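Scroll down for the structure; my scribbles are underneath it.
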There are 2 protein chains.
Amino acid sequence: MARPTRPTRSTTRRSPCPVACSLDLLGDRWTLLIIRDLLWGKTRYGEFLTSPEAIPTNILAERLARLETAGIVQREPYQQNPPRHAYTLTPKGAELKAVLTTLATWGRRHLPDTAAKSPATAGKPEPPAAPKKPAKRS
Amino acid sequence: MARPTRPTRSTTRRSPCPVACSLDLLGDRWTLLIIRDLLWGKTRYGEFLTSPEAIPTNILAERLARLETAGIVQREPYQQNPPRHAYTLTPKGAELKAVLTTLATWGRRHLPDTAAKSPATAGKPEPPAAPKKPAKRS
DNA sequence: TGCGTGGCTTGCAAAAAGCAAGTAACAAGC
DNA sequence: GCTTGTTACTTGCTTTTTGCAAGCCACGCA
């Protein structure tokens, strides 16, 4: 018989507390950074990889899938050959902007040598530079 | 010679982004739950252990030490025999209330079956029940 | 036909989390 | 003074997650 495996974060809710439940979903080093990038207007896999924190590719793929099943991001094809998808925030995900804003404010006020740019107060500071091969739209 | 160990979260800052730096400090499943408990007025080691999420004791001890060195909590003796300490938020830590509030608001709005009680909107709902042995003060 | 590009997946080692048990310092009761 | 109980940790070990590098696949273009 299957050995009794330990409860894992993806399957187990630790308590009904809204903070705990939110952290079950978002509480790690990478997830909120991806959402920061989405708020900055990034949409493609490769764009997330260019952020200075250098998220590993497997973690990025896993987190995007997790956020999609959680209804925080949506994944839509923007071309067919080869199949490519754009990731965007759902309304549910977009409301995390308030969390990112307060977190950035706290960090800027209390952590030394943090840059002024913040995910929510800043708009898209520069267009993300079109992919080198725009590829014919379907 | 020492083999080149992997950069670890406690030693490495991933970028100067205030969000990333905040997450280097707070980005895990437990840290913000401890701060939630502190905002609820909990101060003693044993009180944190009674929260429904059931944080493992070694993780609690390690996080409290980390938060103390980060200047987010302070640890002060409240009796001498046996030596006991009370953990409280510094002003820097207390400002995380805004983060917890927005996180709880988001969770209550978007995650099913989360309880209404939130760390910041609620005051201390009940006195934490004095320790069984109040122990003579020094 | 062969390269380059974007988007993932896989394998494996290192780090962190999780669980149970142990330890220490004392108070109180017998 | 010996045992029991309480609080606050620490230690040892297993499981899970992270991080890094490499591989793979579908295509566009030369």
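So you know, we letter chains A, B, ... as the sequences are listed, proteins then strands, and number each from 1. Predicted model only: the values in this text are computed from it and were never measured.
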Residues in side-chain contact (heavy atoms from CB on, under 4.5 Å) with [X], at least two apart?
X     : value
B:A86 : B:T43, B:Y78
A:E62 : A:R66
B:A70 : B:L25, B:I72

From CZ (B:R63) to CG (B:L67), nearest 0.5 Å: 8.5 Å
Classify the nucleic acid contact of [X] as base, sugar-phosphate or nothing, counting any heavy atom under 4.0 Å across all strands shown.
X     : answer
B:P7  : sugar-phosphate
B:R29 : sugar-phosphate
B:Y87 : sugar-phosphate

Check whether the side chain of A:R6 and the base of D:dT16 form a donor-acceptor pair under 3.5 Å. no
Let me know, please, whether B:G46 or A:R84 comes out on the 5' side of the other along DNA chain D by nearest nucleotide. B:G46
[N] phosphate, OP1 or OP2, under 4.0 Å from [X] side-chain N/O:
X     : N      : answer
B:W30 : C:dG18 : yes
A:Y78 : C:dG7  : yes
A:T5  : D:dT15 : no

Could you state the CD-P distance from A:E47 to C:dT5, rounded to the nearest angstrom? 17 Å
Whole-Å distance between C:dA14 C1' and B:R9 CZ? 15 Å
What N/O pairs connect the protein and nucleotides 9-12 of chain C at under 3.5 Å? Give each pair on its own line.
from  : atom 1 : to    : atom 2 : distance (Å)
C:dT9 : O4     : A:T57 : OG1    : 2.8

Residues touching DNA chain D, which here means a heavy atom under 4.0 Å, drawn from residues 63-77 of chain B: B:R75
Flag side-chain contact, heavy atom, 4.5 Å: [X] against [Y]:
X     : Y      : value
A:T88 : A:V73  : no
A:R36 : A:L33  : yes
B:E95 : A:R109 : yes
B:P7  : B:R14  : no

Working for salt bridge (Lys or Arg N to Asp or Glu O under 4.0 Å), residues A:E53 and B:R13: CA-CA 9 Å; A:E53 294 85 13; B:R13 170 178 280 198; over 6 Å; no
Can you pull out how bent the helix from C:dT1-D:dA30 to C:dC30-D:dG1 is, comparing the axes over its first five and last five pairs, to 10°? 10°
Under the criterion side chain to side chain donor-acceptor pair (under 3.5 Å), I'd like the reasoning laid out for B:H85 against B:E76: C-alpha separation, chi angles, the key distance, then a yes or no. CA-CA 5 Å; B:H85 304 90; B:E76 285 178 297; over 6 Å; no
Is a salt bridge present between B:D28 and A:R29, judged by a nitrogen-to-oxygen distance below 4.0 Å? no
